[in-house]
2 protein chains.
Amino acid sequence: MESRCENCIIRQFNSLRAMSKEELKQVSDSKTTRTVKKGEPLFEEGDKLNGVYCVRNGVSKLSKLSANGKDQIVKLASKGEVLGQRSVISQESTNLSAIAVDDMEVCFIPKESINNTLQKNPNFTLEVLRHMAHDLKEADDVIVNISQKTVKQRMAEAFLYLKNNFGEDSEGYLALTLSREDISNVVGTATESAIRIISEFKKKGLIHTSGKRIGIKDERKLLEIVEGF
Amino acid sequence: MESRCENCIIRQFNSLRAMSKEELKQVSDSKTTRTVKKGEPLFEEGDKLNGVYCVRNGVSKLSKLSANGKDQIVKLASKGEVLGQRSVISQESTNLSAIAVDDMEVCFIPKESINNTLQKNPNFTLEVLRHMAHDLKEADDVIVNISQKTVKQRMAEAFLYLKNNFGEDSEGYLALTLSREDISNVVGTATESAIRIISEFKKKGLIHTSGKRIGIKDERKLLEIVEGF
DNA sequence: GGGATACTATGACAATTGTCAGGTTTGGGG
DNA sequence: CCCCAAACCTGACAATTGTCATAGTATCCC
């Protein structure tokens, strides 16, 4: 028994909430649910997407491969976010890869349902537009951060970001565990540099680690580092 | 005698072309035309915008101030581009400053006309959405470039970008003349570094200069630098 | 035309960051 | 439970880049 979009709580978090009952029904009838294991791709750079993915569970990294063979992670998307919208809207192949960081559960919604609604329901289109405006603003912030802050500042910022957006587990570690390589790809630096700064932060008592898990110890000092001492 | 939007050629380049005749008439009746001198702001970071600006002539830099007091230029907008859309759509104060790089002529369109059309004309909303999707894709590219390429590579890329987007004058110089500081703010580096690289490129015969004007001499070699030799 | 002011340029130096080259630890599959 | 691959970590070094100091050059305004 498939769950119905009409009853899906996830919907409250994204633009689908602006759909009418009938539109939602159509989406629900055409959607398929899929599980994606950690490390597997939802889609890859250059793919032509035939629809969008609505995240029900787990986290996906959106990244772009650069000429020198390193990934840059542009965004981490979790429960409630819709992936692939840009590609479907502009009818181009996607410029980002989406790879599962966790085990994921996603709904695939064929582009016909989306395009249909985009043309008929201005409220929905406006809602999508608002989300995209928000993403664009965030992207601008990322640009300024990467170009004007040091690696150390960006590392500190990344940890605070992870805490604020994904929370902590019962033992006080960041709920989202990324590999050191993924962290370096979020921050935009070499893996070795990321590791070195993790060691330094640990020595200074700002964070603590256990295996690959990282916990925040001194949020205030981390914030000071972000601001530049 | 004011010119009418209905007859404005500029419109062909932006989302306003998706407006109906009546909507355009309303816009035309409510718009005001303004000239902005080189160096003056159209609006500044944090301003609440009461409308959008449609560029008829000249070029504007969209930039964001970072904590350390340096600007990062996120985009250069010229004829036909509409500025301030994001702020009006998300009803937040703007996250970017827009400053004239040239003498400019712009039309100011009050947000009421825009919001009204956004709610009623799905074609217009969709058109705006497509533009924003495009901007977001470009922003992703900028992020990857800044984080994965060296300053030298980005400088080379900037010159090619300026040539491709703004062309050359009759003497073979880049038609858009930016100060060294602006160039460094586009590239995301210190002004001195930018100047040093300009000198180096000049020595190697890749570009030539005359005052602050810069001309491209060896496009192929510049491209090779961008690609990483 | 001349002087103030902003922009361009260059050198010297230090700090940051990336690269290479090892080691060690961890964790998942047989 | 043990092994092996993958992930983590550290050191040494070099390259890149930013900062500071200073000097030359253009430009604007009176």
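When reading the values below, keep in mind they use all heavy atoms of this one structure, side chains included, and skip hydrogens, waters and symmetry mates. All values derive from a computational prediction rather than experimental measurement. Residue numbers start from 1 in every chain, and the chains themselves are labelled A, B, ... in the order their sequence lines are given, proteins ahead of strands.
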query: Whole Å only: how far is the CD1 atom of B/I146 from the P atom of D/dG18?
result: 11 Å
task: Ignoring backbone atoms, test whether B/S199 places a side-chain nitrogen or oxygen under 4.0 Å from the OP1 or OP2 oxygen of C/dT10.
output: yes
task: Return yes if the base of D/dT19 and the side-chain atoms of B/R196 contain a donor-acceptor N/O pair under 3.5 Å, otherwise no.
output: yes
query: Which residue lies toward the 5' end of DNA chain D, A/S147 or A/S179, if each is placed at its nearest nucleotide?
result: A/S179
Separation of atom CD1 in A/I207 from atom P in D/dC9, rounded to whole Å: 10 Å
query: Looking at A/R180, does any N or O in its side chain come under 4.0 Å of the phosphate oxygens OP1/OP2 on D/dC9?
result: yes
statement: In whole angstroms, the gap separating C1' of D/dT16 from CD of B/Q148 amounts to 16 Å
- prompt: Within a strict 4.5 Å, meaning less than it, do heavy atoms of the A/S66 and A/D71 side chains meet?
  reply: no
task: Indicate the ring-plane relationship of B/Y173 and B/H208, choosing parallel, tilted or perpendicular according to the 30° and 60° boundaries.
output: tilted
- request: Report the distance from atom CZ of A/R213 to atom P of D/dA7, rounded to the nearest whole Å.
  value: 19 Å
- prompt: Please give, in whole Å, the distance from C/dG18 P to A/K70 NZ?
  reply: 7 Å
query: Expressed in angstrom and rounded to an integer, what is the separation of A/I198 atom CD1 from C/dT17 atom P?
result: 15 Å
query: Can you tell me how far P of D/dA15 sits from NZ of B/K149, to the nearest Å?
result: 23 Å
Pairwise side-chain contact, A/I146 with A/R154, heavy-atom cut-off 4.5 Å (strictly under): yes
field: Phosphate contact (C/dT17 OP1 or OP2) by A/S193 side-chain N/O below 4.0 Å
entry: no
message: Any donor-acceptor pair under 3.5 Å linking the side-chain atoms of B/N145 with those of B/E157?
response: yes
task: Starting from P on C/dC7, measure out to CD1 on B/I195 and report it in whole angstrom.
output: 11 Å
message: So, does B/T150 get its side chain near the phosphate of D/dT16, meaning an N or O under 4.0 Å from OP1 or OP2?
response: no
message: For a quick test of reading the model: is some side-chain N or O of B/T191 closer than 4.0 Å to OP1 or OP2 of C/dT8?
response: no
query: Among C/dT19, D/dA21, C/dG18, which is the nearest nucleotide to the side chain of B/E192?
result: D/dA21
task: First locate atom CG of B/L136, then atom CG of A/N95, and finally report the distance between them rounded to the nearest 0.5 Å.
output: 8.0 Å
statement: On DNA chain C, more 5' by nearest nucleotide between A/G188 and A/K212 is A/G188
